[in-house]
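For reference, the structure is listed below as structure tokens.
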Number of protein chains: 2
Amino acid sequence: MSSLPIADLILAEMDQSARAGNVPRHRRLYEAIRSAILSRRLPVGSKLPSTRDLARDLGLSRNTVVTAFEQLLAEGYVSSRTGSGTFVADTLPEPATEELAPERQSRNSHHNGAIAPQHAPQEGTTAAVGATLSVRGRRVADHAAGHRYEIQPFVPGDDDFSVFPIKLWQRLQNKYWREARPELLDYGQNGGYLPLRRAIADYLRVSRSVRVTVDQVLITGGTQHSLDLCAQLLADAGDTAWVEDPCYWGAQRVFESRDLDLHPVRVDDEGMNPTAEDQHKPPRLIYLTPSHQYPKSVVMSLARRRLLLDIAARTGAWILEDDYDSEFRYTGRPLSSLQGLDTHDRVVYMGTFSKILYPGIKVGYMVVPPALVAPFRSALYDLQRPGQMMQQAALADFLEQGHFATHVRRIRQLYGQRRELLQRTLKPILGNAATLSKEESGLHLVIQLPPGTDDERLAQEAAEQGLQVRALSTYYLGAEKERGLVVGYAYVPTDKIAYYGRLLGNVVKAASAGRR
Amino acid sequence: MSSLPIADLILAEMDQSARAGNVPRHRRLYEAIRSAILSRRLPVGSKLPSTRDLARDLGLSRNTVVTAFEQLLAEGYVSSRTGSGTFVADTLPEPATEELAPERQSRNSHHNGAIAPQHAPQEGTTAAVGATLSVRGRRVADHAAGHRYEIQPFVPGDDDFSVFPIKLWQRLQNKYWREARPELLDYGQNGGYLPLRRAIADYLRVSRSVRVTVDQVLITGGTQHSLDLCAQLLADAGDTAWVEDPCYWGAQRVFESRDLDLHPVRVDDEGMNPTAEDQHKPPRLIYLTPSHQYPKSVVMSLARRRLLLDIAARTGAWILEDDYDSEFRYTGRPLSSLQGLDTHDRVVYMGTFSKILYPGIKVGYMVVPPALVAPFRSALYDLQRPGQMMQQAALADFLEQGHFATHVRRIRQLYGQRRELLQRTLKPILGNAATLSKEESGLHLVIQLPPGTDDERLAQEAAEQGLQVRALSTYYLGAEKERGLVVGYAYVPTDKIAYYGRLLGNVVKAASAGRR
């Protein structure tokens, strides 16, 4: 698809710009597009070409275009519609000028096109900003996950919430808004709305063999919040946390923000594999994804589960079992949770609704051992002030009335189809160049590459094709990093999976051929 | 109001109990009521007498009854309806027995009345639990704020959300649920929904003279979340945080949870008053409530504002300006924010909607200096995963369509009436025994007591009368603690304020007479 008319417009803007040649290209492109928007030459609501098409038409690298788009998005000049593309925003940002007194900034002033925002993060301020953040603040900033722009195929972790039953959900919520019960407008007490806690307890008991009574359930704002509570209540600054290597980056960030000392323990095809050497660094916390290791997908074997429970019982460590997508096993019987095997009350089990319902719902849960119920409830209230009780009430109905089970079956089938299509597309193309992770579950698979492959470069090449995969090596903390591409398929429309799969397969194949 | 029939029932249960005399009374009472509930002698939905009435009829201290009620509430046997009382719950908790296999626990089993929950927090486990929490976890547990049960008069910080326009709010939300825009189901980007950020920026610029452009606004999950982000991004473990003395306990908890070293700086009638000695402990953060010091109510003078801005500029400290209830000034012109006077970008300004709309909405905001926008957005996304975008969209409309302004005027008038009624009731009764804080704003006032008064004991005596005030001395970290009672009037129905006010006034007067 040609983007020529808009490309011409942008080229014209870039030519007119008086900026010298040493201004980075992404900056010149950003300024050109912004200028076109401010002057209305690119009208509100116009759809921008995809970064791939625009790069081709402007003779720029796709990364250049992507960087410019990211800044336009960050500042609100454009907005991205999930699955549709990038559009000139209908609500433009306030230009900020140091010279103008605040009261003279108005919503109309940007229409003149004459005022340039000076508040955009400038190159060269990073050092100054760095000096003012704390050390731990700088670490967070350096590891920033980056924006989600132009929801693109294969981003791991994205779920397809376009199939979420919105009207039903709206109806369930409206019932409670009509009743207008004041306690549902108040902060949550006792770890969360009781019927929801009970529905979750019932569900976990049956589906995951979790040993749970209703008062052990706490409703949180999601996995990050659950992990944060555990990291601060169960460990002190400087304590050792064993994490899987490779490890979910979100957990790494939370533990670092709580000043824990991360000790990576390698994952093999049975899951986390603590060696005698690892045991010289006894942990206070052990973070596990035993149902479906993130990102390698392996299922933790029974023997390994027993080993880790034994280690926890002996050392007094807490195991944090993050069961983030256990609903998505496509073959085989449901697995028992690690928690269900534990007889020493060492496991905190956690899950989330954000991958099954929609991300913005921000509802997760923890099952804590009985002795931790009171302190966790206190902390939840004192530090996080739970709310959104109307939503919790609607969610309880959603579970109790069977809609949750129906929805899970539906998306499990949908994601299973997409996974299978992707596998069938990739296998013939990849041939011997790579193997696919064999575990049949989750929202992603891994294309496993030979040792020493530059998987970051390969991810970059895929990005040039508009495919947002992640290099497996980037999830590793330890020195020995396996190579591969982590590919999220859940959010790719079924009628596009084969197309994108072929693109991806060819990128990998070409790189492999290049290496021989 | 006599509670005799139920009191008789409970007395009968207590008599029948075979428990020996060394079981604490609150425990015997708890077991008696629980037994009556499980056996259906106290049917589902029955209203329990108030703790005051029941104490009187059973010949027990009110604290004994309160403790028993708290445990029944924590375990879900009873629930409290805001403003109405305590009721036997229609959703009883799962009894937990170690002997029963999980699959035999059913919702019906408690009806037999034979199974006693064994999961209730037991005396004697505290030490065991303490050994398993981290040091910082134990600190959180020890300082637990406690349950909100039986919403009682005069709890400071409660706002009257019974006047929140629910139907209007429902209508605004439904509009977005009908449109079903997928990006509103996704995680929030760029610090929050742009139209909401802009509406907040516009509002703050006009009402509080905050210097702000839309990209400096971040939407958070409330004040605790805002403070937590600042505490971790702007300070490291062990860094000094100056806090007002007395200080809002919620901020203390968050700073402690981030391992900051709290240095209390005394508040006089101009606000926080740093001495030369305080300046020997230069701060990394300075936490202020300058509009309306919490809890002493004083407004920070211009001179003091300039001093603190100067200190921050010289030391590189960050000022956290918590403007938690600036909408509620009843007399005088709106105050400029401290942030509006700052010319060195040292102030992070924060506010919340939970006191104006309803607590469970969980929406707050920060205005950060431009250099902090990028790292704060990253951290907000990586660590807290903002969501609830549908709600943000509805809130943006609520502000932009003028409903917020209308609502604020309404509750300001309502709270102003209640404040005035309370003052008029208290003054003649108190006479010279105490003075009332003079600042006309906020959701609470302070009854100031002579030095050395045992204000905790006085708060206890008020509690015996069913009035939940807080002792001013309990907000102090330093050794010199002023004495008084912090009295929240916002949530007390207007037709009851005089009655409760007289009760309270008489408690204070009687104690004062007792002291002479």
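Here the structure is a predicted model, which is why all the values come from computation and not from measurement. No hydrogens, no waters, no symmetry mates; every other heavy atom, side chains included, goes into these values. In what follows, every chain begins at residue 1, and chains take the letters A, B, ... in the order their sequences are listed.
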Exercise. Does the pair A:Y358 and B:D186 meet the rule for a side chain to side chain contact (heavy atoms under 4.5 Å, CB included), with working shown?
Worked result: CA-CA 7 Å; A:Y358 59 95; B:D186 203 355; over 6 Å; no

Exercise. Do the side chains of B:L234 and A:S134 get nearer than 4.5 Å, heavy atoms only?
Worked result: no

Seminar exercise, completed: So, the part of A:S162 with a heavy atom under 4.5 Å from chain B: the answer is neither

Problem set entry | For A:Q224 against B:L383, the heavy-atom pair lying closest together | CB-O, 3.3 Å

Problem set entry | Spacing of CZ belonging to A:R139 relative to CG belonging to B:D236, to within rounding of 0.5 Å | 8.0 Å

Problem set entry | Partner residues of B:R258 under the salt bridge (Lys or Arg N to Asp or Glu O under 4.0 Å) criterion, sequence neighbours left out | A:D228, B:D228

For this session: Measure distances from A:Q216 to the heavy atoms of chain B and classify the residue's part below 4.5 Å as side chain, backbone, both or neither.
Result: neither

For this session: Tell me, out of B:A235, B:A237, B:A180, who's got the most heavy-atom pairs with chain A below 4.5 Å.
Result: B:A235

Exercise. Between the side chain of B:R253 and the main-chain N/O of A:D382, is any donor-acceptor distance below 3.5 Å?
Worked result: no

Seminar exercise, completed: If one checks every heavy atom of A:N174 against chain B at 4.5 Å, the contacting part turns out to be both

Exercise. Given that the side chain runs from C-beta out, which part of A:L185 has a heavy atom under 4.5 Å from chain B: side chain, backbone, both or neither?
Worked result: both

Exercise. Does any heavy atom of chain B fall under 4.5 Å from the side chain of A:A231, the backbone, both, or neither of them?
Worked result: backbone

Seminar exercise, completed: Residue from A:R181, A:M389, A:H225, A:K167 scoring the most non-hydrogen pairs under 4.5 Å with chain B is A:H225

Seminar exercise, completed: Rounded to the nearest 0.5 Å, the CG atom of B:L133 sits from the CH2 atom of A:W318 at a distance of 7.5 Å

Exercise. Going by atom types only, do A:Q170 and B:Q173 share a side-chain donor-acceptor pair under 3.5 Å?
Worked result: no

Exercise. Do you know which of B:P386, B:A201, B:G137, B:A379 has the most heavy-atom pairs with chain A at a distance under 4.5 angstrom?
Worked result: B:G137

Exercise. Roughly how far, to the nearest 0.5 Å, is CZ of A:R346 from OG1 of B:T132?
Worked result: 6.5 Å

Problem set entry | chain B contact via A:P369 - side chain, backbone, both or neither, heavy atoms under 4.5 Å | neither

Exercise. Can you tell which of B:M390, B:K362, B:R178 has the highest number of heavy-atom pairs within less than 4.5 Å of chain A?
Worked result: B:K362

Exercise. What residues, two or more places apart in sequence or in another chain, satisfy side-chain hydrogen bond (donor to acceptor under 3.5 Å, both in side chains) together with A:T352?
Worked result: A:S354

Exercise. Is there a side-chain contact between A:V254 and B:Q384 (heavy atoms, below 4.5 Å)?
Worked result: no

